[in-house]
Participant: 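I have a structure here, written as structure tokens, and I will follow up with some questions on it.
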Amino acid sequence: QVQLVESGGGLVQAGGSLRLSCAASGRTSSISVMGWFRQAPGKEREWVSAVNWRSGNTYYADSVKDRFTISRDNAKSTVYLQMNSLEPEDTTVYYCAARRGKILTSTPRLWEYWGQGTQVTVSS
């Protein structure tokens, strides 16, 4: 089994930055892709970003392109999401996720492992 633990959320003013971390433990060798989702109250869970664990290739939703950067540290089994130029619209709970499948997908139900979520709040 794989366990994911997020950290780094908090309060920030518009235009500020935060870095989220996601530490993976357990059978991490089974993971092919790791990524981040977010879900605001009353809204669908949406995919934000992903990284191929083996190749390091990165992918981003249009809403966060040029503002967010995903990266991974293989030695620490940790994925990061550097969030710059934050906007109030970025306010929500962010979830780290991982999947065994090789193909990148934005469909939440196809991701097998999830963290507990970390709150990000951006004030105007």
Side-chain angles (χ1 to χ4, degrees):
Q1 187 177 357
V2 174
Q3 294 179 331
L4 305 176
V5 179
E6 306 107 321
S7 61
L11 298 170
V12 65
Q13 291 186 324
S17 299
L18 286 173
R19 189 179 76 158
L20 306 183
S21 299
C22 176
S25 61
R27 187 163 287 186
T28 58
S29 61
S30 66
I31 297 173
S32 294
V33 182
M34 293 189 68
W36 295 88
F37 290 76
R38 63 187 182 185
Q39 186 172 25
K43 295 185 178 181
E44 300 281 345
R45 183 167 297 189
E46 66 170 329
W47 171 76
V48 174
S49 184
V51 59
N52 184 290
W53 191 252
R54 300 169 187 175
S55 70
N57 292 343
T58 58
Y59 310 88
Y60 301 93
D62 289 341
S63 60
V64 304
K65 285 182 178 178
D66 302 320
R67 297 191 299 121
F68 291 8
T69 302
I70 190 170
S71 61
R72 89 255 195 269
D73 186 328
N74 296 60
K76 297 181 179 180
S77 297
T78 299
V79 171
Y80 305 93
L81 185 67
Q82 178 66 47
M83 305 185 293
N84 298 325
S85 301
L86 284 165
E87 306 167 351
E89 292 75 18
D90 298 317
T91 295
T92 188
V93 177
Y94 285 72
Y95 297 90
C96 179
R99 68 186 305 264
R100 297 189 296 268
K102 301 177 181 179
I103 301 175
L104 174 68
T105 176
S106 61
T107 304
R109 65 181 175 84
L110 299 180
W111 295 66
E112 295 92 349
Y113 310 107
W114 293 88
Q116 82 286 354
T118 185
Q119 176 71 45
V120 172
T121 302
V122 184
S123 62
S124 300

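Bear in mind that the values here come from a model prediction, so they are computed numbers and not experimental data. These numbers come from the heavy atoms of this one structure, side chains and all, not from hydrogens, waters or symmetry mates.
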Participant: What is the distance from atom CD of Q1 to atom OG of S25, rounded to the nearest 0.5 Å?
Facilitator: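 Those atoms lie 9.0 Å apart.
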
Participant: Can you sort out the partners of R100 under side-chain hydrogen bond (donor to acceptor under 3.5 Å, both in side chains), two or more places apart, ordered by chain and number?
Facilitator: Y113

Participant: Main chain of V122, side chain of T91: is a donor-acceptor contact present, judged purely on distance under 3.5 Å?
Facilitator: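 Such a contact is found between T91 side chain and V122 backbone.
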
Participant: What's the separation between atom CG in L81 and atom OH in Y60, rounded to the nearest 0.5 Å?
Facilitator: 7.5 Å

Participant: Please, which pairs that meet salt bridge (charged side-chain N to carboxylate O under 4.0 Å, His left out) have at least one residue in residues 20-41, sequence neighbours excluded?
Facilitator: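 For residues 20-41: R38-E46, R38-D90.
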
Participant: Using side-chain hydrogen bond (donor to acceptor under 3.5 Å, both in side chains) as the criterion, list what pairs up with Y80, not counting sequence neighbours.
Facilitator: none

Participant: Can you give me the closest heavy-atom contact between V120 and M83, atom names plus distance?
Facilitator: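 The pair with the smallest heavy-atom distance is CG2-CE, 3.8 Å.
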
Participant: In terms of hydrophobic clustering (I, L, V, M, F, W, Y; side-chain heavy atoms under 4.5 Å; direct or indirect links), are V33 and V2 co-clustered?
Facilitator: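 Different hydrophobic clusters.
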
Participant: Measure the CD-CD1 distance between Q82 and I70 for me, rounded to the nearest 0.5 Å.
Facilitator: 12.0 Å

Participant: Knowing that exactly one of T78, L4, T118 qualifies, which makes a side chain to side chain contact (heavy atoms under 4.5 Å, CB included) with C22?
Facilitator: L4

Participant: Please enumerate all residues that pass side chain to side chain contact (heavy atoms under 4.5 Å, CB included) together with N74, with sequence neighbours excluded.
Facilitator: W53, R72

Participant: If Ile, Leu, Val, Met, Phe, Trp and Tyr residues are connected whenever their side-chain heavy atoms lie under 4.5 Å apart, and connections chain through other members, are V93 and W114 in the same group?
Facilitator: yes

Participant: In chain order, what residues pass the side-chain hydrogen bond (donor to acceptor under 3.5 Å, both in side chains) check against E112, with sequence neighbours excluded?
Facilitator: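 Here no residue qualifies.
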
Participant: Only counting residues at least two apart or in another chain, list the ones meeting side-chain hydrogen bond (donor to acceptor under 3.5 Å, both in side chains) with K65.
Facilitator: D62

Participant: Same cluster or not: are L86 and Y95 linked, directly or through other Ile, Leu, Val, Met, Phe, Trp or Tyr residues, by side-chain heavy atoms under 4.5 angstrom apart?
Facilitator: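 Result: no, two separate clusters.
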
Participant: Please verify the inter-ring angle class for Y94 with F68; under 30° counts as parallel, over 60° as perpendicular, anything in between as tilted.
Facilitator: tilted

Participant: Checking K43 now: which residues fulfil side chain to side chain contact (heavy atoms under 4.5 Å, CB included) with it, not counting sequence neighbours?
Facilitator: A40

Participant: Residues two or more places apart in sequence or in another chain: which of them pass side chain to side chain contact (heavy atoms under 4.5 Å, CB included) with S55?
Facilitator: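 Per chain and number, S55 pairs via side chain to side chain contact (heavy atoms under 4.5 Å, CB included) with N52, N57.
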
Participant: Residues in salt bridge (charged side-chain N to carboxylate O under 4.0 Å, His left out) with D66, at least two apart?
Facilitator: none

Participant: Between R99 and S32, does a side chain to side chain contact (heavy atoms under 4.5 Å, CB included) hold up when you go through it step by step?
Facilitator: CA-CA 6 Å; R99 68 186 305 264; S32 294; 5.8 Å; no

Participant: Using the disulfide (SG to SG under 2.5 Å) rule, collect all pairs that involve residues 35-86, keeping only residues at least two apart or in two chains.
Facilitator: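 Not a single pair qualifies under disulfide (SG to SG under 2.5 Å).
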
Participant: Only distances under 3.5 Å count here; give the side-chain donor-acceptor pairs of residues 5-18 to other protein atoms, sequence neighbours excluded, each with its distance to 0.1 Å.
Facilitator:
{"from": "E6", "atom 1": "OE1", "to": "Q116", "atom 2": "N", "distance (Å)": "2.7"}
{"from": "E6", "atom 1": "OE1", "to": "Q116", "atom 2": "NE2", "distance (Å)": "3.4"}
{"from": "E6", "atom 1": "OE1", "to": "G117", "atom 2": "N", "distance (Å)": "2.9"}
{"from": "E6", "atom 1": "OE2", "to": "C96", "atom 2": "N", "distance (Å)": "2.6"}
{"from": "E6", "atom 1": "OE2", "to": "G117", "atom 2": "N", "distance (Å)": "3.2"}
{"from": "S17", "atom 1": "OG", "to": "N84", "atom 2": "OD1", "distance (Å)": "2.8"}

Participant: Which distance, rounded to the nearest 0.5 Å, do you find between the CE of M34 and the OG of S49?
Facilitator: 11.5 Å

Participant: If the condition is ring pair (Phe, Tyr, Trp, His ring centres under 6.0 Å), which residues does W111 pass it with, not counting sequence neighbours?
Facilitator: F37

